[in-house]
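Numbers restart at 1 for each chain; the letters A, B, ... are given by sequence-line order, proteins then strands.
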Amino acid sequence: MKRDRWCGELRREDAGREVVLNGWVQRRRDHGGVIFIDLRDVSGLAQVVCNPEVSAEAHAAAEGVRGEYVLFCRGKVRLRPEEAVNPKLPTGEVEVLAEEVGVISRSLTPPFEIQEESGVDETLRLRYRYLDIRRPDLRDALILRSRVTGEVRNFLSSRGFLEIETPMLTKSTPEGARDFVVPSRLQPGKFYALPQSPQLFKQLLMVAGLDRYYQIARCFRDEDLRADRQPEFTQIDLEMSFVEPEDVISLMDEMFAHLFRLFLEVELRVPFPRLTWREAMERYGTDRPDLRYGMEIVDFSSALAGSGFKVFRSALEAGGRVRGFKVDGLVSPPRRELDGMVEEARRLGASGLVWMVREGDGLKSPVAKFLTGEEGEALIDASDLREGEVLLLAAGGEEISPVLSGMRDHCVRRFGPPRNEKFAFVWVTDFPLFDWDEEEKRYKSNHHPFTAPSGDCLDFLEERPLEVTSQSYDMVLNGVELGGGSIRIHDPALQERVFAVLGLSREEAEDKFGFLLEALRYGPPPHGGIAYGLDRMVMLMAGRESIRDVIAFPKTQSGGDPLTGAPDAVYPEQLRELRLRPI
RNA sequence: GGAGCCGUGGUGUAGCCAGGUUAACACGCCGGCCUGUCAAGCCGGAGAUCGCGGGUUCAAAUCCCGUCGGUUCCGCCA
């Protein structure tokens with residue numbers, strides 16, 4: 001018998017109406033006489049009452065029902081007696097008085113309980129993912145994901161963007177992540193690569209004159225997994241012609257304000273704040289600062305010039321600095337807490353960490369005896385340190401930035417400092433165009449090789465590559481990199497110069513990216529864009545801590561799928577067809 | 001490649017550090033009673049050789065070594 005209403009949408013206005021529901025048995029409460037069944041479908045729960053005085057048949061059918069059976073249920077909606085109203089349920093004011101109940105399909109006892117709080121081993125949940133998804137929190141996350149994706153499509157298409165699909169079977173390119181590789185049967189010995197992103201294709205679409213492109217694009221990277229990294233993930237990928245960074249950034253400000261208003265009822269202040277990469281590293285020690293919290297890093301070098309503490313003095317003499325921050329949310333901690341912080345800093349790779357606690361007009365610290373009174377006062381002034389508050393200091397070159405950033409995270413986790421806002425967006429711009437790769441002894445693109453250098457850096461591109469900044473921008477939310485993009489190079493000559501700095505020979509560049517260089521010779525428009533990690537975006541919007549919680553069928557940390565058993569061996573015949581042999 | 005944590009009935013945990021009868025508790029499951037529950041209640045029952053392998057010991061869930069799986073982080077992820 002086919003439903004005519006959803007379980008979760010019954011309200012008091014429906015009282016008196018006859019309805020048919022289809023759904024799963026969340027719970028059965030058998031009182032001997034009357035039996036209550038909580039029936040669940042994708043919309044929510046409804047209580048069905050099976051009273052033998054109303055329908056002996058329905059009651060008899062309900063006696064044989066068990067958890068997760070699929071039922072149809074015909075009956076009249078009625079208001080519950082006042083004392084039986086359940087304020088915890090949206091449908092709690094009404095119930096369906098069953099006149100007919102039938103089993104559509106039966107279920108084995110599930111391997112774990114289908115309920116809000118899971119706490120169940122994740123492998124088991126993944127093995128029975130179709131049961132796991134019946135739980136409201138996972139179901140709701142997938143519903144949110146679908147709505148967000150749909151609204152992104154609406155938003156972009158209303159702004160003139162065209163949704164274009166790009167190939168999944170494409171060409172392996174150097175630079176970047178390890179490719180997933182697919183053997184070609186028709187061309188034995190050759191391979192496709194799955195796309196790490198549609199980067200090159202979207203640039204070609206700009207050369208093709210489509211002006212604005214977007215795609216909800218699956219991407220693949222064969223690297224190790226994390227809570228926020230899966231081997232296949234989804235990007236909101238877009239590209240625009242005739243634009244500058246400002247155009248992309250302001251459009252995205254608008255899109256996120258719209259999405260957060262619509263789905264979370266949160267009014268975001270736009271435009272989002274901006275930091276250059278240099279500022280972000282200086283003030284937060286990382287290129288993806290979590291601006292929900294204070295604890296800005298301050299340079300104390302001038303207060304400590306000529307310090308009697310050898311570690312500080314020698315760092316300063318070597319051209320380094322002494323930087324640190326005041327810990328929020330922590331006053332007069334016990335000694336072991338302070339020692340714990342030093343240990344944490346070592347774990348983060350620091351050679352040391354100095355703590356100072358203000359006591360009266362002075363400082364308590366393992367290095368207090370090396371400090372003069374003036375130095376102590378200068379530190380207190382510069383950090384605005386009050387009674388009992390803690391100052392953390394590290395000395396050295398740029399390598400202390402990640403340590404200080406890590407200590408900032410540690411303090412957030414451990415001391416729960418006051419939070420400014422729930423969602424703190426920030427743009428980080430002007431990244432270095434290149435990094436030096438010590439292992440390979442060569443320059444590497446910080447973003448990707450098609451990122452345009454800033455106009456004022458073109459003169460020293462080859463001479464001082466590490467000083468070249470790029471027309472790039474990352475969107476960061478609560479310390480998570482949500483997306484990144486740039487203005488691209490549209491001048492083939494400049495593109496070749498960048499390849500040269502990267503150490504790609506003319507032949508290699510021609511072999512790997514020749515098609516792009518060629519396209520750039522046929523009237524490319526200036527263009528740029530951005531790509532977002534949709535999984536991370538929805539994760540943060542849903543308040544989850546792993547993107548696995550917003551992906552229907554995610555992989556474990558070793559890249560496996562406990563449900564299907566992938567990856568798995570293939571038949572020798574399949575390998576023979578592909579002309580492949582295991583080594 | 002490296003470091004940490006976890007693995008005990010179907011599920012979640014306790015027991016492990018100080019080795020010693022029938023491995024405890026809650027939920028779930030099965031049966032009985034029960035007409036207003038919604039985490040229903042009450043009574044009864046079944047169900048685990050403690051991830052796997054080896055070692056130490058009179059004796060191992062417990063100690064040691066190895067291994068597998070999961071997870072978090074570092075490396076890696078343009």
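Judged by Watson-Crick or G-U wobble contacts below 3.5 Å, the nucleotide C63(B) has G55(B) as its partner. Across all strands shown, C5(B) forms a Watson-Crick or G-U wobble pair with G70(B), both key distances being under 3.5 Å. Summarising the base pairing, C38(B) is matched to no nucleotide, lacking a Watson-Crick or G-U wobble pair whose two defining distances lie under 3.5 Å. Nucleotide G47(B) forms no Watson-Crick or G-U wobble pair with any nucleotide shown, as no partner meets the under 3.5 Å limit on both distances. Judged by Watson-Crick or G-U wobble contacts below 3.5 Å, the nucleotide A26(B) has U11(B) as its partner.
Within the structure, every side-chain polar atom (N or O) of R29(A) is placed at least 4.0 Å from both OP1 and OP2 of U37(B). Residue T556(A) places at least one side-chain N or O closer than 4.0 Å to OP1 or OP2 of G70(B). In this structure, R40(A) does not reach the C38(B) phosphate: none of its side-chain N or O atoms is under 4.0 Å from OP1 or OP2.
More than 12 heavy atoms of other residues, nucleotides or ligands sit less than 6.0 Å from atom NZ of K512(A). Within 6.0 Å of the CD atom in E82(A), the count of heavy atoms belonging to other residues, nucleotides or ligands does not exceed 12. Few gaps surround CG on L466(A); more than 12 heavy atoms of other groups in view lie less than 6.0 Å from it.
To the nearest angstrom, P of U72(B) lies 9 Å from CZ of R226(A). Straight-line distance from the NZ atom of K88(A) to the P atom of U37(B): 13 Å, rounded to whole Å. For the pair F220(A) CZ and C77(B) C1', the interatomic distance rounds to 16 Å; values are reported in whole Å. Summarising the geometry, the separation between CD on E545(A) and C1' on C73(B) is reported as 14 Å, rounded to the nearest angstrom. Going from atom CZ of R229(A) over to atom P of C76(B) covers 10 Å, rounded to whole Å. Atom-to-atom, CZ of F112(A) to P of C29(B) comes out at 15 Å; the value is rounded to the nearest Å. Atom CG of L89(A) is separated from atom P of A40(B) by 12 Å (rounded to the nearest Å). Atom CG in D437(A) sits roughly 12 Å away from atom C1' in G75(B) (whole-Å rounding).
R488(A) comes within 4.0 angstrom of no nucleic acid atom, judged by non-hydrogen atoms across all strands. Using a 4.0 Å heavy-atom cutoff across all strands shown, E95(A) reaches at least one base atom of the nucleic acid. Counting any heavy atom pair closer than 4.0 Å across all strands shown, D222(A) reaches no nucleic acid atom. In this structure, P81(A) reaches the bases: a heavy-atom distance under 4.0 Å links it to at least one base atom across the strands shown. Across all strands, D38(A) comes closer than 4.0 Å only to sugar-phosphate atoms, never to a base (heavy-atom distances). Among the heavy atoms of the strands, none lies under 4.0 Å from L348(A). Nucleic acid contact for S558(A): sugar-phosphate only, since backbone atoms but no base atoms lie under 4.0 Å from a heavy atom of the residue.
The separation of G47(B) from C29(B), taken at their C1' atoms, amounts to 9 Å, rounded to a whole angstrom. Using C1' as the reference atom, C63(B) and U57(B) are 10 Å apart when rounded to the nearest Å. For C25(B) and A14(B), the P atoms lie 16 Å apart once the distance is rounded to whole Å. Taking the P atoms as reference points, G75(B) lies 30 Å from U13(B), given to the whole Å. Across C50(B) and A24(B), the matching P atoms stand 15 Å from one another, rounded to whole Å. To the nearest whole angstrom, the two P atoms, one in G7(B) and one in C16(B), are 13 Å apart. If you take atom C1' in G19(B) and the same atom in A39(B), they sit 39 Å apart, rounded to whole Å. Here the separation of G20(B) from G1(B), taken at their P atoms, is 38 Å to the nearest Å.
One cannot find a donor-acceptor pair under 3.5 Å joining the base of C38(B) and the side-chain atoms of R28(A). For D121(A) and G7(B), a side-chain-to-base donor-acceptor distance below 3.5 Å is absent, hydrogens and geometry of angles not being considered. Side-chain to base pairing of R66(A) with C30(B): no donor and acceptor N or O lie closer than 3.5 Å to each other. A donor-acceptor contact under 3.5 Å is not formed by the side chain of E82(A) with the base of G36(B). For G70(B), its base never sits under 3.5 Å from the side chain of R127(A) at any donor and acceptor pair. For a distance-only test at 3.5 Å, the side chain of R125(A) fails to qualify as a donor-acceptor partner of the base of G70(B).
Summary of the strand contacts: G176(A) and Q557(A) both lie near RNA chain B, and taking for each the nucleotide with the nearest heavy atom, the more 5' one is attributed to Q557(A). Residue-to-nucleotide proximity on RNA chain B shows that, of S445(A) and R27(A), the 5′-proximal contact is made by R27(A).
Between R544(A) and S546(A), the side chains place no donor N or O within less than 3.5 Å of an acceptor N or O (distance only, hydrogens not considered). Side chain to side chain, Y213(A) and D237(A) meet the donor-acceptor criterion of an N or O pair below 3.5 Å.
Nearest nucleotide to the S546(A) side chain, out of G70(B), U72(B), C76(B): U72(B). Counting only heavy atoms from C-beta on, D30(A) has its side chain closest to C34(B) among G28(B), C34(B), G36(B).
Aromatic pair Y443(A)/W436(A): ring centres closer than 6.0 Å.
Here the options are R27(A), R28(A), R29(A), K88(A), the test is salt bridge (Lys or Arg N to Asp or Glu O under 4.0 Å), and the partner is D38(A); only R29(A) passes.
For the atom pair NE2 (H59(A)) and CD1 (I35(A)), the distance works out to 3.5 Å, reported to the nearest 0.5 Å. The CD atom of E223(A) lies 9.0 Å from the CZ atom of F180(A); values are rounded to the nearest 0.5 Å.
Where stacking is scored as ring centres under 5.5 Å apart with planes under 30°, H31(A) registers as stacked on the base of A40(B). The side-chain ring of F36(A) is stacked on the base of U37(B), judged by centre separation under 5.5 angstrom and plane angle under 30 degrees.
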